[in-house]
Amino acid sequence: MIAGELRPIVTGFVVEMLNDPCCDYILLDVGEDARIESGLPVLYLDITGKHCDYILSIVGDEYSGSIRYVTGETRTTVERGRGAWGLRELLDDFRTRLREGS
């Protein structure tokens with residue numbers, strides 16, 4: 001799995017989502033980056049809430065997240081970055097969106 005400064009942030013987020021009543025479904029997958037045969041650790045997290053779906057991917061120390069609304073809209077927000085600070089902001093944004101309308 002992922003190591004370094006991102007690991008405790010993601011671990012805490014997964015535990016929080018498992019206990020969040022707004023989270024309907026969670027899928028967590030880990031392995032190695034097979035697409036570019038880099039051998040880097042990969043984490044894939046898919047969370048479904050009542051109003052939106054969230055996908056977080058971490059390859060090495062780079063991450064990306066997308067949010068899809070389950071209403072008639074197909075609006076997607078994608079952010080990419082590195083480091084713990086940006087990841088915290090991305091996860092905070094998702095927490096807010098997940099709980100909208102609750």
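Since we're looking at a predicted model, the values are computed, not measured.
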> Does D20 pair with R99 as a salt bridge, N-O distance under 4.0 Å?
Replying inline: yes

Should [X] and [Y] count as side-chain neighbours, where that means a heavy-atom distance under 4.5 Å?
| X | Y | value |
| --- | --- | --- |
| L90 | Y54 | yes |
| L98 | M17 | yes |
| L56 | I47 | no |
| R68 | I55 | yes |

> Is L18 reachable from I58 through a run of hydrophobic residues whose side-chain heavy atoms are each under 4.5 Å from the next?
Replying inline: yes

>> For A84 versus I9, what's the shortest heavy-atom pair and its separation?
In response: CB-CD1, 3.4 Å

> Of the non-hydrogen atoms in S57 and Y44, which two are nearest, and what is the gap between them?
Replying inline: OG-CD1, 3.8 Å

[atom2] on [Y] to [atom1] on [X], rounded to 0.5 Å:
| X | Y | atom1 | atom2 | value |
| --- | --- | --- | --- | --- |
| E100 | C22 | CD | SG | 10.5 Å |
| D46 | Y25 | CG | OH | 6.0 Å |
| F13 | L91 | CZ | CG | 5.0 Å |
| E16 | T11 | CD | OG1 | 12.5 Å |

